[in-house]
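In what follows, a structure is listed as structure tokens, so that the remarks can point back to it.
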Amino acid sequence: VKQRIVELLRSRNRFAIFSHVDPDGDALGSALGLSALLEAMGKRTEVFVPGPIPRIYRFLPGAPDIHTQAQARSIEGDAMIVLDATSLSRIGPFEELISREACLVNIDHHSDNTRFGDMHWVEPEACATALLIVELAREGGFEIPRSAAACLYVGILTDTGRFTFSNTGARALETAAKLVDLGADPHELATKVYARASAASTLLLGRVLATLELHEEGRIACLHATNGMMLETGTLPEDADGFSTFARSIEGVKVGIFFREAPDGAIKVSFRSNEGVEIDGVAGQFGGGGHPRASGARVSGPIEEAKENVLRAVAEHLRSTAL
Ligand code: 5GP
Ligand code: MN
């Protein structure tokens, strides 16, 4: 299928590229990277990602031109390419607007991908969708311009947790090194993504860390952020991105959970697990999904109730895996 996708990229001229709601570095990096790559081949592309685009990713080449809202029109093109999205519903309002005549291509690395589309290439072993884009370019002999290299590098950097998660291996590092050869600057990009926190988000982090609770003899760690905390610190939901890592990074913790109240009162749950525990099944029980060791779901509030229900399910899962 990889070869067929390469052929499609080579032969078609107008591409619409989509990625998922609550976009992260890989959603944006893979979409903008593919766009820049195709533009360099003289193709026309448009990128559609349900907004808002987190502030830390707005420096990415092409980010200002992303369509973040569904205008009342259909989306035309010779091919519709959906990246990093488990199911078509993950592209939010754009799902309704994509042209039914165009070829629908699904490129992803989530094992629970529903395999939608006329062509699908799903590779759970890949650390990031951005890595798959690099491999497509390599397969087709397409040149990766510097702007695309930067975007694709950020996709790999963020989906591997700065090259620390269990999906970090030779393939991730070699691909990243190749992108550095093509002009991606590791220090510059890491600084832009990770070292420009706002004072407000750092204050929010302080408040969130103070909510730490340990359960099941220290095997589950929970953190949470309420709308009140965000109001008081002047922060947006995106300012809490990555806070789940602090719950997982405690000695003895098997599962770290971060609960974030959304403006509409729903609760966004981020699940992170350590060696020996797969947590995507529990996220699935709540209508979500993701990767074995990093998953998410959206559940209804209030937050106390959401915490109780999720904690019960995670505790049961830990007991059943005898850890
Ligand atoms: P995060 O907790 O950082 O939002 O998400 C971790 C992983 O779980 C990501 O790969 C993301 O795509 C996936 N994920 C997060 N929320 C949802 C959700 O509501 N549904 C599904 N299917 N996957 C999710
Ligand atoms: Mn990804």
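Counting starts at 1 for both ligands and their atoms, following the listed order. Keep in mind that this is a model prediction, so the values were computed, not measured.
With hydrogens left out, the protein atom closest to atom 20 (N) of ligand 1 is Gly288 CA, 3.6 Å, a heavy atom. Closest to atom 24 (C) of ligand 1, if we only count protein heavy atoms, is Gly289 O, 3.4 Å. The protein heavy-atom contact nearest to atom 7 (C) of ligand 1 is Ala294 O, 3.3 Å. Looking only at heavy atoms of the protein, atom 15 (C) of ligand 1 is closest to Gly296 CA, 3.4 Å. The closest protein non-hydrogen atom to atom 11 (C) of ligand 1 is Arg90 NH2, 3.9 Å. Protein heavy atom in closest approach to atom 10 (O) of ligand 1: His110 NE2, 3.0 Å.
The N, O or S atom of Asp84 with the smallest distance to the Mn ion (ligand 2) is OD1. When distances from the Mn ion (ligand 2) to the N, O or S atoms of Asp159 are compared, OD2 comes out shortest. Of all N, O or S atoms in Asp26, the one lying closest to the Mn ion (ligand 2) is OD2.
Proximity to His291 (heavy-atom distance under 4.0 Å) selects the following atoms of ligand 1: 10 (O). Atoms of ligand 1 found under 4.0 Å from any heavy atom of Ala297 (numbered from 1 in listed order, with element): 16 (N), 19 (O). Interface atoms of ligand 1 facing Lys268, defined by a heavy-atom separation under 4.0 Å, are 1 (P), 2 (O), 4 (O), 16 (N).
Rounding to the nearest 0.5 angstrom, the gap separating the OG atom in Ser273 from the CZ atom in Arg293 is 5.5 Å. A distance of 10.0 Å separates CG in Leu179 from CG in Leu189, rounded to the nearest 0.5 Å.
For Arg44, the CZ atom is loosely surrounded, since the number of other residues' heavy atoms within 6.0 Å does not exceed 12. With a 6.0 Å radius and a threshold of 12 heavy atoms from other residues, nucleotides or ligands, Gln285 has its CD atom above the threshold.
Ligand 1 has no N or O atom lying under 3.5 Å from any N or O atom of Asp24, backbone or side chain. Residue Arg272 has at least one nitrogen or oxygen atom sitting less than 3.5 Å from a nitrogen or oxygen atom of ligand 1, judged on distance alone. For the pair Gly287 and ligand 1, the shortest N or O to N or O distance does not fall below 3.5 Å.
The residue from Ser270, Ser87, Gly242 that puts a heavy atom closest to atom 2 (O) of ligand 1 is Ser270.
Of all non-hydrogen atoms in Val6 and Gly140, the two that sit nearest each other are CG1-CA, 3.5 Å. Heavy atoms only, all atoms of each residue included: Ser99 and Ala102 are closest at OG-N, 3.3 Å.
A salt bridge does not link Glu238 to Arg260: none of the charged nitrogens lies less than 4.0 Å from a carboxylate oxygen.
Ser295 counts as a contact of ligand 1, since one of its heavy atoms falls under 4.0 Å from the ligand.
Relative ring orientation between His67 and Phe48 is described as parallel, the plane-to-plane angle staying below 30° on a 0-90° scale split at 30° and 60°. Using the six-membered ring where Trp is involved, His109 and His291 have ring planes that are tilted, between 30° and 60° apart. Between Phe243 and Phe258, the two ring planes are tilted [angle within 30° to 60°].
No cation-pi contact links Arg312 to Phe286, judged by a cut-off of 6.0 Å to the six-membered ring centre and 45° from its axis.
Taking 2.8 Å as the criterion, His110 does not count as a coordinating residue of the Mn ion (ligand 2), since none of its N, O or S atoms falls below it.
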